[in-house]
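Fair warning: this is a prediction, and the values are worked out from it, not measured in the lab. Indexing begins at 1, ligand by ligand and atom by atom, following the structure's order.
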Amino acid sequence: MDFCRHFILLGLTFSVLYGCAGVGQKDASFKPMLRQSGKDVMWLPTSQHMVNKMLTAAQVTAKDIVYDLGSGDGVIPITAAQQFKARAVGVEYDAKLAEFAQKNAQQAGVADKVKIIRGDIFVEDFSEATVVTMYLLPELNLQLRPTLLKMKPGTRIVANAFDMQEWTPDQIVSAGSEQGFLWIIPAQVEGEWDFLPYEGFVPARLSLRQSFQQVGGTLTMAGVSQPLLGAQLRGDQLSFHFLGSDNIAQSVLATVTTDALLGDHTYYGRAHSFQAKRR
Ligand SMILES: C[S@@+](CC[C@H](N)C(=O)[O-])C[C@H]1O[C@@H](n2cnc3c(N)ncnc32)[C@H](O)[C@@H]1O
């Protein structure tokens, strides 16, 4: 099975994995078995070290709601609550594992912050999450991708081990030989935007192309088009530079809403507030 092969390739031994089970060793009545089968993927816990790295990379705080899709023994939700003070929800298909994880949360003293739902990650609504964590399989990541991309811009997704193909990560997360990936859900900016005229700035049209968080395009002023320089999109924050008619670089930093860009246009060291509307 791909999942097993992945671990063999990573050189992780049974004993290392068992040692990492951490929160999964406290319940006397039921003990999950490493690699026990699950609905779409077996159970293997993310190591505690990697969990910490993943939640740190996602910059989890007390303001976040963390959802772990396929939450196993609850190590990710419990750590999110204990160490990062977040509210956390685990979605786990296996009823015994879900119950085990909820007990673990109780024993860890974070039952008020951690809820384990016995359910299917392809059925449960996790749209309230500000951070989503996953340790699944490549094909499951890809099945979830369209749903993830509809989440609020700025939502952080962290996956242990497997990527999302052409959706390149914003950051790679490493813990020893383990590797994970962080993505930040990008706002939808593709299309044409009209800058409303303001002091000293002629009307301009911004034309944006987008592939996931990668953006580029042109700015057209007084009939002259020029490429955007260094365009970046991180969540709902869009920034780029362009050259003015005097060949001096000007910069734009904007918050993206559904039909408007609101931000600052900086030239000659002065920032001017601007608005652009979707055409
Ligand atoms: C590799 S384990 C990861 C556990 C945990 N997220 C972690 O990182 O330690 C994957 C988990 O997903 C669960 N699972 C598999 N298919 C599922 C589905 N469709 N819905 C919910 N849970 C599922 C399995 O039972 C297993 O506990």
>> Checking side-chain polar atoms at under 3.5 Å, does Asp236 have a donor or acceptor matched by the opposite partner on Thr255?
In response: no
>> With heavy-atom distances below 4.0 Å as the criterion, list the atoms of ligand 1 near Leu44.
In response: 1 (C), 2 (S), 3 (C), 4 (C), 9 (O)
> So, is Ile121 polar-close to ligand 1, with some N/O to N/O distance under 3.5 Å?
Replying inline: yes
> Just how far is it from atom CZ of Phe212 to atom OG1 of Thr168, taken to the nearest 0.5 Å?
Replying inline: 8.5 Å
>> Between Thr218 and Gln226, is there a side-chain donor-acceptor contact under 3.5 Å, judged purely by atom types and distance?
In response: no
>> Which residue in the set Leu238, Ile184, Leu208 passes side chain to side chain contact (heavy atoms under 4.5 Å, CB included) when paired with Leu233?
In response: Leu238
> If you measure from CD1 on Ile76 to CE on Met50, what distance do you get to the nearest 0.5 Å?
Replying inline: 9.0 Å
> What distance do Asp194 atom CG and Gln275 atom CD have between them, rounded to the nearest 0.5 Å?
Replying inline: 12.0 Å
>> I'd like to check which ligand 1 atoms, numbered from 1 as shown, lie under 4.0 Å from a non-hydrogen atom of Asp68.
In response: 5 (C), 6 (N)
> With a 4.0 Å heavy-atom cut-off (strictly under), which part of Met42 contacts ligand 1: side chain, backbone, both or neither?
Replying inline: backbone
> Does any N/O atom on Asp73 come nearer than 3.5 Å to any N/O atom on ligand 1?
Replying inline: no
>> Looking only at the aromatic ring of each residue, does the gap between the centers of His272 and Phe274 stay below 6.0 angstrom?
In response: no
> Mind checking whether Ser71 has an N or O less than 3.5 Å away from an N or O of ligand 1?
Replying inline: no
>> Can you name the atoms of ligand 1, numbered from 1 with element, that are less than 4.0 Å from a heavy atom of Val41?
In response: 10 (C), 12 (O), 15 (C), 16 (N), 24 (C)
> Is the closest N or O pair between Thr46 and ligand 1 shorter than 3.5 Å?
Replying inline: yes
>> I'd like to check which ligand 1 atoms, numbered from 1 as shown, lie under 4.0 Å from a non-hydrogen atom of Ile76.
In response: 8 (O)
>> Regarding ligand 1, does Val75 bring an N or O atom to under 3.5 Å of one of the ligand's N or O atoms?
In response: no
>> Check the orientation of Trp167 and Trp183. Use parallel for under 30°, tilted for 30 to 60°, and perpendicular for over 60°.
In response: tilted
> Leu97 heavy atoms, cut-off 4.0 Å: which ligand 1 atoms fall inside?
Replying inline: 27 (O)
> Among side-chain atoms of Asp264 and Thr266, is any donor-acceptor pair under 3.5 angstrom?
Replying inline: no
> ligand 1 and Glu92, any nitrogen or oxygen pair closer than 3.5 angstrom?
Replying inline: yes
> Which atoms of ligand 1 sit under 4.0 Å from any heavy atom of Asp40?
Replying inline: 15 (C), 16 (N), 18 (C), 19 (N)
> With atoms numbered from 1 as shown, which atoms in ligand 1 lie under 4.0 angstrom from a non-hydrogen atom of Gly119?
Replying inline: 20 (N), 21 (C)
> Within 45° of the axis and under 6.0 Å from the centre of the six-membered ring of Phe195, does NZ or CZ of Arg205 qualify?
Replying inline: no
> Quick one: does Asp120 get within less than 4.0 Å of ligand 1, heavy atoms only?
Replying inline: yes
